[in-house]
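Whatever order the structure lists ligands and atoms in, that order sets their numbers, starting from 1. Reckoned from all heavy atoms, side chains included, excluding hydrogens, waters and symmetry mates.
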Amino acid sequence: MDSLQKKYETDKQTWDECAETYERQIVGGHPDILAFEEFEEDFLDRVLHYLSAKQKRTIKLMDIGCGSGRLHIRYGAKTKSIAELAQSHPLVSLKMNSPKLAYDPVIATSLREVWGIDFSQNMIDLAKDKLQKVGLKNHLKIALTFEQGSAFELGEQPDDILPIAICLVNSIGVMQGFEGANELFKSMRRAVESAKGIAIISCYQQEYIESYGLGQYESTMDVSGQPIWMQSDTYASSQFKQIPKQYKLAHSKDNKLIVDVFDMHDNLIEKDHVLERDPDKTEQTIEIGDINTYSNYKSHWYSFKHIDQLINNNWEIQNSYHIKTQDLDIIRAEPAQMAILDFGDHLKDIFGLWNVL
Ligand SMILES: C[S@@+](CC[C@H](N)C(=O)[O-])C[C@H]1O[C@@H](n2cnc3c(N)ncnc32)[C@H](O)[C@@H]1O
């Protein structure tokens with residue numbers, strides 16, 4: 001088995017095992033991560049609106065590494081109006097509590113399918129359960145579909161529908177290292193090229209690990225484990241769960257973190273335990289961009305230059321954009337970047353208006 005295949009199998013098992021915790025703690029969690037996800041969704045809404053108005057084809061959204069179906073729920077809900085639903089339908093209360101899920105007639109007219117692929121069957125099962133619970137299973141104008149499989153083996157899309165392939169919230173950083181990232185770029189190109197579609201990869205920048213990454217992973221160490229840049233002590237192993245007592249927000253300069261420590265049976269072992277950063281390992285993390293924890297979680301924050309190289313090596317430069325997302329939204333998207341491949345030259349005008357060319 002080659003090294004990429006080996007990493008793929010190990011990571012697949014890890015994601016299957018952590019699916020539920022990930023969903024509970026990250027998807028519903030850190031304020032900076034939620035803000036960034038909202039930025040990505042708003043960005044995508046604007047692009048969908050623009051494309052709906054500008055071109056005649058209907059759209060298929062392809063969510064690569066779709067996890068628990070964030071986009072399926074969003075766009076499923078947006079294509080169903082409250083007027084069509086019985087008062088007792090679960091989607092009604094969901095929409096009342098979440099204005100971002102309101103009916104959107106423009107998107108409802110043009111978006112035909114949200115298709116998601118993920119290698120973790122548990123993630124897909126979670127997504128399907130969520131759709132079932134909110135009543136987005138049947139009687140829809142839009143198809144909400146999933147496939148268990150590899151992000152690196154996307155098939156070429158037919159040209160009767162405009163494919164928009166998107167890989168969100170630094171998923172590229174957990175897609176099996178540099179080799180995986182390269183395969184992802186190739187695969188997303190293959191998916192959209194002949195149909196003259198669009199591919200978007202949205203991820204954090206290594207340059208922001210110090211101001212965003214360290215605090216984010218420290219604050220969510222009950223999900224991914226204690227980061228290796230925090231001094232190891234008796235509780236670093238996966239025998240214990242350390243629950244942080246606060247979320248460190250962007251630009252926090254705090255080198256310490258207070259946690260409550262629990263054993264695997266949820267018994268409190270120590271209250272207000274103080275963890276401190278190890279200066280050398282912290283420096284190394286910032287320099288290399290690898291996020292590692294004592295329970296073997298791995299991610300990578302790619303530098304702006306590295307994503308540039310991936311674009312140059314795998315995509316057509318004349319059809320590609322590389323955006324610092326802070327140019328669009330400094331509060332919600334300061335630490336991130338987007339690589340965009342636009343074969344049909346669909347986005348030039350809107351990017352001109354946004355001043356990101
Ligand atoms: C950070 S999560 C993102 C989930 C979702 N896109 C969201 O925005 O909430 C990354 C997802 O990528 C999946 N994944 C990682 N490597 C993959 C691969 N090579 N092929 C398919 N899915 C993969 C994981 O199972 C996980 O669900």
Side-chain angles (χ1 to χ4, degrees), residues 1-30 32-44 61-75 100 114-131 144 146-155 164-188 190-191 199-204 213 216-217 220 223-224 291 293 296-302 332-333 336 338:
M1 207 189 277
D2 68 15
S3 78
L4 180 59
Q5 187 61 26
K6 231 188 228 162
K7 277 192 203 140
Y8 180 94
E9 294 302 333
T10 324
D11 285 2
K12 179 169 172 294
Q13 195 180 342
T14 309
W15 278 97
D16 269 334
E17 283 165 8
C18 80
E20 233 162 275
T21 329
Y22 174 86
E23 171 66 14
R24 212 175 39 245
Q25 304 286 357
I26 302 268
V27 177
H30 193 288
D32 287 342
I33 303 175
L34 290 181
F36 180 54
E37 288 177 348
E38 279 190 6
F39 159 79
E40 292 180 324
E41 290 166 1
D42 287 348
F43 173 88
L44 194 51
L61 193 58
M62 304 170 72
D63 188 2
I64 316 304
C66 64
S68 59
R70 173 157 71 105
L71 295 186
H72 288 74
I73 304 249
R74 181 182 183 84
Y75 292 112
K100 68 180 192 178
V114 180
W115 173 87
I117 187 162
D118 202 289
F119 67 4
S120 162
Q121 185 61 49
N122 286 356
M123 276 291 188
I124 291 178
D125 290 346
L126 261 176
K128 287 183 175 167
D129 267 8
K130 275 167 64 181
L131 289 183
L144 300 176
F146 296 93
E147 188 174 321
Q148 187 277 320
S150 169
F152 310 145
E153 288 166 12
L154 301 174
I164 304 181
I166 185 153
C167 183
L168 291 173
V169 70
N170 210 42
S171 294
I172 187 175
V174 297
M175 288 188 172
Q176 297 81 60
F178 296 167
E179 239 186 305
N182 205 52
E183 288 305 308
L184 178 72
F185 267 77
K186 276 196 211 153
S187 176
M188 286 180 71
R190 185 169 57 246
I200 304 173
I201 296 175
S202 165
C203 61
Y204 290 125
Q216 268 178 25
Y217 287 94
T220 52
V223 186
S224 351
I291 306 288
T293 73
N296 257 339
Y297 173 87
K298 284 185 194 326
S299 177
H300 188 78
W301 285 34
Y302 287 92
R332 296 186 300 171
M338 275 184 186

pair [X]-[Y]: side-chain heavy atoms closer than 4.5 Å:
X    : Y    : result
I124 : E147 : no
D42  : R332 : yes
D118 : W15  : no
I201 : I64  : no
I172 : F185 : yes
S202 : F43  : no
C167 : L184 : yes

Handout entry: M123 neighbourhood, listing ligand 1 atoms whose heavy-atom distance to it stays under 4.0 Å
Key = 27 (O)
Handout entry: Ligand-side contact atoms (ligand 1) for residue partner S120, heavy atom cut-off under 4.0 Å
Key = 25 (O)
Taking a cutoff of less than 4.0 Å between a non-hydrogen atom of the residue and any ligand atom, is [X] in contact with ligand 1?
X    : answer
D11  : no
G149 : yes
D118 : yes
G180 : no

[X], any N or O under 3.5 Å of ligand 1 N or O:
X    : value
I117 : no
V169 : no
R70  : yes

Exercise for the section: Record the part of W15 in heavy-atom contact with ligand 1 below 4.0 Å; permitted values are side chain, backbone, both and neither. Expected result: side chain
Handout entry: Contact partition for A19 relative to ligand 1, non-hydrogen atoms under 4.0 Å
Key = neither
Practice task
Please confirm whether Y204 and F36 have ring centers closer than 6.0 angstrom.
Solution key: yes
Problem - Proximal candidate to atom 19 (N) of ligand 1 [heavy atom criterion; set Q176, K12, M175] - result: Q176
